[in-house]
Amino acid sequence: MSRAIYITGGASGIGLAAARRFAREGWTVGIGDIDEIGMRRAGEELGAFTVPLDVRDRAQWAAALDAFAKHAGKIDVLLNNAGIARYGMFEEVTPEESDLQVDINVKGVINGAYAALEHLKKTRGRLVNVASVAGIVGSPGLAVYSATKHAVRGLSEALDAEFTRHGIDVTCVMPFFVETPILDAGSKGSNRTIRDAIGQSPVYTVGEAANVVWQATHGREREYIVGKAGRQASFARRFMPNRLRKRMKAAFAS
Ligand code: NAI
């Protein structure tokens with residue numbers, strides 16, 4: 001029986017690239033996404049199992065994972081990848097837009113962990129959560145997004161220890177900028193997008209991100225950063241926090 005991975009947000013970007021990679025490696029792939037058209041297209045391309053899923057909806061989660069487990073015979077990995085961003089200064093992002101990010105990026109991931117636990121216990125499988133380098137460095141212009149990704153990182157660290165008794169590892173993927181539609185995210189009060197804020201920073205490919213997801217599914221580390229610039233940011237956060245703070249304050253002084 002081939003190994004089975006369920007991927008949220010698999011209709012686009014990093015999730016779709018990961019779905020392609022795992023399908024190519026012979027895994028049985030399940031995709032859950034709120035974008036039903038994109039999901040169906042991905043399903044047809046990859047022969048993947050698809051069922052509509054809004055990660056905010058716990059009943060949908062249970063139904064989706066039960067159906068996929070029936071289809072694949074088991075679930076070895078849940079890739080909690082679905083996420084959204086709203087770009088803008090804190091006061092430009094509406095409270096409703098902030099709520100939405102928390103609901104999808106944090107509660108959606110927690111819902112996934114609850115829904116997958118019994119399935120992963122059976123396979124002694126793995127939970128792979130997608131956070132962000134914004135979960136390492138509090139990122140101006142993405143304050144609430146950044147908060148959600150810190151939450152995902154903290155959740156992953158705690159669950160990795162807790163789930164040891166079930167034989168389940170929990171790993172966390174932290175991408176730097178990756179070329180996907182999320183880079184066009186703005187907010188109601190700002191006419192700028194993430195893409196406008198990238199400046200000279202590198203943008204990595206979805207293929208590179210999928211490669212790191214693959215490592216996070218197989219490797220022994222707990223955290224996996226996508227992109228050299230992400231590793232540099234992590235280093236600066238840890239060893240040069242004051243210099244980093246000064247640089248960020250200077251960039252947002254006016
Ligand atoms: P994307 O916008 O290409 O894909 C996100 C997918 O999630 C879409 O297919 C969308 O329909 C789905 N989705 C949104 N809300 C959903 C919901 N309520 N229920 C189910 N599915 C939902 O974006 P990308 O870049 O592929 O994002 C994937 C993950 O990577 C996200 O968690 C994001 O925060 C994270 N990330 C992305 C970075 C980037 O630069 N692209 C950098 C750091 C992290």
Side-chain angles (χ1 to χ4, degrees), residues 6-21 30-43 48 50-61 63-65 78-87 97 99-112 115 128-137 139 141-142 144-153 155-156 172-186 193-198 201-210 212-213 216 223-227 229-230 233-234:
Y6 190 81
I7 301 174
T8 67
S12 173
I14 296 171
L16 176 57
R20 286 186 173 130
R21 173 71 191 269
I31 294 175
D33 202 296
I34 202 171
D35 168 9
E36 296 193 24
I37 295 170
M39 183 179 70
R40 218 168 299 129
R41 199 183 309 124
T50 59
V51 58
L53 172 70
D54 182 335
V55 294
R56 293 168 293 179
D57 185 327
R58 283 196 278 266
Q60 276 191 18
W61 259 115
L65 291 193
L78 168 62
L79 177 61
N80 251 332
N81 162 79
I84 61 159
R86 292 292 179 266
Y87 182 83
E97 290 175 309
D99 283 350
L100 192 63
Q101 293 179 85
V102 173
D103 287 345
I104 294 173
N105 297 5
V106 183
K107 293 188 193 170
V109 167
I110 294 171
N111 289 342
V128 181
N129 294 326
V130 179
S132 168
V133 170
I136 302 173
V137 179
S139 309
L142 288 164
V144 172
Y145 175 81
S146 203
T148 68
K149 295 305 186 176
H150 275 73
V152 171
R153 225 179 131 212
L155 178 79
S156 305
C172 191
V173 175
M174 292 165 299
F176 195 73
F177 295 121
V178 175
E179 185 53 60
T180 76
I182 213 174
L183 298 184
D184 298 314
T193 64
I194 298 179
R195 202 179 286 285
D196 297 325
I198 288 175
S201 296
V203 178
Y204 298 94
T205 66
V206 289
E208 287 170 285
V212 176
V213 170
E223 296 193 326
Y224 295 81
I225 294 176
V226 179
S234 171

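Predicted model only: the values in this text are computed from it and were never measured. Both counts, for ligands and for their atoms, begin at 1 and track the order of listing.
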Please say whether S132 places an N or O atom under 3.5 Å from an N or O atom belonging to ligand 1. no

Closest to atom 18 (N) of ligand 1 among protein heavy atoms sits D54 OD1, 3.0 Å

Of all the heavy-atom pairs spanning S156 and N129, show the shortest one and how long it is. OG-ND2, 3.0 Å

Heavy atoms only: which of N129, L79, V178, I104 is nearest to atom 40 (O) of ligand 1? V178

Does M39 reach ligand 1, in the sense of a heavy atom lying below 4.0 Å from it? no

Output yes when a side-chain donor or acceptor of N81 lies under 3.5 Å from a complementary backbone atom of I7, and no otherwise. no

With a cutoff of 4.0 Å, is D33 in contact with ligand 1, counting heavy atoms of the residue only? yes

CD1/I104 to OG1/T8 distance, rounded to the nearest 0.5 angstrom? 10.5 Å

Search all heavy atoms of I14 against all heavy atoms of P175 and return the closest pair with its distance. CD1-CG, 4.1 Å

Report the part of I84 (side chain from C-beta onward, or backbone N, CA, C, O) that has a heavy atom under 4.0 Å from ligand 1; answer both or neither where that applies. side chain

To the nearest 0.5 angstrom, please state how far the OG1 atom of T205 sits from the CD atom of E179. 9.5 Å

Mind checking whether V55 has an N or O less than 3.5 Å away from an N or O of ligand 1? yes

Tell me which part of N81 gets within contact of ligand 1: side chain, backbone, both or neither, using heavy atoms under 4.0 Å. both

Which atom pair, heavy atoms only, marks the closest approach of D33 to G10? OD2-N, 3.3 Å

Any side-chain to backbone donor/acceptor pair from S234 onto G230? Under 3.5 Å, distance only. no

Out of G83, A18, A64, G13, who gets a non-hydrogen atom closest to atom 5 (C) of ligand 1? G83

Per-atom filter on ligand 1: closer than 4.0 angstrom to a heavy atom of F177 are 40 (O)

Evaluate side chain to side chain contact (heavy atoms under 4.5 Å, CB included) for V55 paired with N111, printing each intermediate quantity in order. CA-CA 7 Å; V55 294; N111 289 342; 5.8 Å; no

Nearest protein heavy atom with distance in Å, relative to atom 24 (P) of ligand 1: T180 OG1, 3.4 Å

Could you grab the distance from atom CD1 of I34 to atom CD of Q60, nearest 0.5 Å is fine? 8.0 Å

What's the shortest distance from atom 7 (O) of ligand 1 to any protein heavy atom, and which residue and atom give it? G9 CA, 3.4 Å

Can you list the ligand 1 atoms lying under 4.0 Å from a non-hydrogen atom of A82? 7 (O), 21 (N), 22 (C), 32 (O)

Report yes or no: does Y204 contribute a side-chain atom to a donor-acceptor pair with the main-chain N or O of A229 at less than 3.5 Å? yes

So which bit of M174 gets within less than 4.0 Å of ligand 1, heavy atoms only: side chain, backbone, both or neither? neither

Heavy atoms of A134 and S146 approach each other most closely as O-OG, 2.6 Å

Closest approach of I31 and M39, non-hydrogen atoms and distance? O-SD, 3.6 Å

I14 N/O to ligand 1 N/O under 3.5 Å: yes

Heavy-atom contact under 4.0 Å between G108 and ligand 1? no

May I ask whether Y204 places a heavy atom under 4.0 Å from ligand 1? no

In ligand 1, the atoms that come under 4.0 Å of a heavy atom of V130 are 29 (C), 30 (O), 35 (C)

Backbone, side chain, both or neither: what part of A131 comes under 4.0 angstrom of ligand 1, heavy atoms only? backbone

Under 4.0 Å to a heavy atom of L183 - the qualifying atoms of ligand 1, by number: 40 (O)

In this structure, atom 34 (O) of ligand 1 is nearest to the protein heavy atom Y145 OH, 2.6 Å

Could you tell me whether L53 approaches ligand 1 through its side chain, its backbone, both or neither, with non-hydrogen atoms closer than 4.0 Å? backbone

Can you find a side-chain donor-acceptor pair between T193 and D184 that sits under 3.5 Å? no

To the nearest 0.1 Å, how far is atom 27 (O) of ligand 1 from its closest protein heavy atom, and which atom is that? I182 CD1, 4.1 Å

The reported gap from CZ in R153 to OG in S132 (rounded to nearest 0.5 angstrom) is 10.5 Å

For ligand 1, which part of F176 has a heavy atom less than 4.0 Å away: the side chain, the backbone, both, or neither? backbone

Among all protein heavy atoms, pick out the one at the shortest distance from atom 21 (N) of ligand 1; state its residue, atom name and that distance to 0.1 Å. I34 N, 3.4 Å

Which atoms of ligand 1 have any heavy atom of D35 under 4.0 Å away? 11 (O)

Starting from atom 1 (P) of ligand 1, what is the nearest protein heavy atom, named by residue and atom, and what distance separates them? S12 OG, 3.6 Å

Which atoms form the tightest heavy-atom contact between A85 and A185, and what is the distance? O-CB, 3.3 Å

Using modelled atom types only, decide if a donor and an acceptor are shared between the side chain of T50 and the backbone of A48 within a distance under 3.5 Å. no

